[in-house]
> 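I'd like to ask you about the structure that follows.
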Amino acid sequence: PPTPPPPRSLMTSASASATAARQFAAVEFPWRQVPADLDVWSWSDVSSWLDTKYDLRTAPWPLMASFWPTLLISIGYILFVVVGKRVIRKPIEAKGLMIAYNAFVIALNAYLFVGIVQEIRQLEYGWICNRVDYGPRGARLAWLTYLFYLSKALDFMDTVFMMIRMKFEQASLLHVYHHVMMFPIWWSAVRFCAGGDGLFGPLLNTFVHFVMYTYYLATCFKICIPGKHLLTQLQMAQLFAILCYSVVSIALDCQYPHWTLYAQVTFLITLLYLFGRFYMSTYKKPAGASSRRKPLPSTTTRAPSDSAKLE
């Protein structure tokens, strides 16, 4: 079935979208690089330049008018992790809430994946070099990108469950870095370029998350699914594919803002490095390492997590 339209309060009318598209098109967008005379070390100069480039359709939507709410939420997330590890003393299992959360995330990512596929087919996207449609035809894709951005805030609940269950070791550098960076990155995507080549990431990510949270939901019901390491491999393959796609988009000089692609390439390289370290330390331990390790006292041994996150 076709994707239902967003609420009227969150979506401009067709005429307003057309007006916004004309206004946006009147400003030349530097695809390849920022202006040569722009002082990139001056926040006021960069902010003023970006204020002429945002998508007028998405600006009225909640959290999109300013970067400050997203930044403050991200800072609050980091503080919650740092302070929580020091003040939480009694674990709370919250298994029923975890089951409901995993089921909701599965449904949300299925909805986003199907919706994105429908829209890129309707807009006749090619394999690469797809421009952002700032007109009425691209409004639905912009809305789906916005929902994807909001889903990155919802992903903070992964960490909340780890913290209240006192699984502090799971809230690792990789996990926190991954989550805290995705939220502002996708604010930027919705703010400036909701669509085009930027949709390759959400397309893969929603599929991968659908698979991951299906696994997590199964473990909540004590269903043993072999091949846990394959989930980490799937995540790494996703990141590598998006990295390659971004590099090719730059190399082909596609008409998608290159400054966003440079930022994405940098983030993905750091994320792949951290994932690689996690994978090698978790699944490629040297032979005999476990036998040399001293056993922990039984009073400190914890049962395996019902929904251990792999990030």
Side-chain angles (χ1 to χ4, degrees), residues 1-12 14 17 55 57-58 60-64 70 73 96-125 130 132-134 136-161 178-179 182-191 193-221 223 225 231 234-235 237-239 241-242 245 307 309-311:
T3 305
R8 291 182 180 273
S9 60
L10 297 182
M11 184 176 179
T12 58
S17 295
D55 189 339
R57 302 167 306 170
T58 64
W61 296 349
L63 300 180
M64 293 310 303
T70 297
I73 292 172
L97 187 58
M98 288 169 55
I99 291 173
Y101 167 71
N102 286 330
F104 179 79
V105 173
I106 291 170
L108 175 61
N109 280 277
Y111 168 79
L112 290 173
F113 178 79
V114 172
I116 291 172
V117 170
Q118 289 176 339
E119 288 303 308
I120 62 178
R121 290 184 62 186
Q122 182 176 342
L123 294 174
E124 299 180 343
Y125 270 33
N130 300 292
V132 179
D133 188 338
Y134 292 100
R137 293 184 70 238
R140 173 63 60 184
L141 209 47
W143 168 252
L144 291 171
T145 308
Y146 174 69
L147 289 183
F148 182 77
Y149 153 72
L150 294 180
S151 76
K152 298 302 104 180
L154 180 65
D155 286 349
F156 290 160
M157 287 300 299
D158 290 355
T159 314
V160 171
F161 287 124
H178 178 198
H179 281 67
M182 288 291 285
F183 190 45
I185 283 174
W186 281 99
W187 179 90
S188 176
V190 178
R191 177 77 169 173
C193 42
D197 280 352
L199 263 297
F200 185 71
L203 182 67
L204 293 187
N205 190 252
T206 51
F207 172 78
V208 171
H209 272 215
F210 176 85
V211 175
M212 287 170 52
Y213 284 86
T214 299
Y215 173 87
Y216 299 150
L217 183 60
T219 59
C220 285
F221 291 102
I223 299 174
I225 302 177
L231 286 181
L234 180 62
Q235 289 177 280
Q238 167 208 197
L239 296 174
I242 299 172
Y245 191 90
S307 61
K309 302 296 184 283
L310 301 181
E311 293 96 303

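Treat the numbers as computed from the prediction; the structure is a model and nothing was measured.
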> Report the relative orientation of the aromatic rings in Phe148 and Trp186; use parallel for angles under 30°, tilted for 30 to 60°, perpendicular for over 60°.
perpendicular
> With the side chain counted from C-beta on, respond yes when Thr219 and Ile225 share a heavy-atom pair under 4.5 Å apart, and no when they do not.
no
> Are Leu154 and Leu108 close enough that some pair of their side-chain heavy atoms sits under 4.5 Å apart?
yes
> Please tell me whether Phe161 and Tyr101 form a close aromatic pair, meaning their ring centres lie under 6.0 Å apart.
yes
> For residues Thr58 and Met64, report the shortest heavy-atom separation together with the two atoms involved.
O-CB, 3.2 Å
> Got Val208 and Gln235 here, is their nearest side-chain heavy-atom distance under 4.5 Å?
yes
> Taking Tyr213's backbone N and O only, do any of them form a donor-acceptor pair with Asn102's side chain (distance below 3.5 Å, no angle check)?
no
> For Leu217 versus Ile106, what's the shortest heavy-atom pair and its separation?
CD2-CD1, 3.8 Å
> Could you tell me if the side chain of Phe113 sits less than 4.5 Å from the side chain of Val117, heavy atoms only?
yes
> Apply side chain to side chain contact (heavy atoms under 4.5 Å, CB included) to Phe200 and list each qualifying residue two or more places apart in sequence or on a separate chain.
Leu204, Ala241, Ile242, Tyr245
> Could you tell me the separation between the NZ atom of Lys152 and the OG1 atom of Thr70, rounded to the nearest 0.5 Å?
14.0 Å
> Any side-chain to backbone donor/acceptor pair from Asn109 onto Val105? Under 3.5 Å, distance only.
yes
> Closest approach of Gly196 and Tyr125, non-hydrogen atoms and distance?
N-OH, 2.9 Å
> Hey, what do you get for SG (Cys220) to CG (Leu97), rounding to the nearest 0.5 Å?
10.5 Å
> Roughly how far, to the nearest 0.5 Å, is the CZ atom of Phe104 from the CE atom of Met157?
11.5 Å
> Looking at Ala153 and Phe183, what are the two nearest heavy atoms and their distance?
CB-CE1, 3.5 Å
> Taking C-beta and beyond as the side chain, do Phe221 and Ile99 meet within less than 4.5 Å on heavy atoms?
yes
> Which atom names give the shortest non-hydrogen contact between Cys193 and Val132, and what distance separates them?
CB-CG2, 4.0 Å
> To the nearest 0.5 Å, what is the distance between CG on Leu144 and CG on Leu199?
8.0 Å
> Do Tyr146 side-chain atoms and Pro62 backbone N/O form a donor-acceptor pair below 3.5 Å?
yes
> Side chain of Arg140, backbone of Glu119: donor and acceptor closer than 3.5 Å?
no
> Would you compute the distance between atom CG of Leu231 and atom CG of Leu234 and round it to the nearest 0.5 angstrom?
7.0 Å
> Considering non-hydrogen atoms only, spot the tightest contact between Leu112 and Leu147 and give its length.
CD2-CB, 3.7 Å
> Give, for atom OG1 of Thr214 and atom CD1 of Ile223, the distance between the pair rounded to the nearest 0.5 Å.
11.0 Å
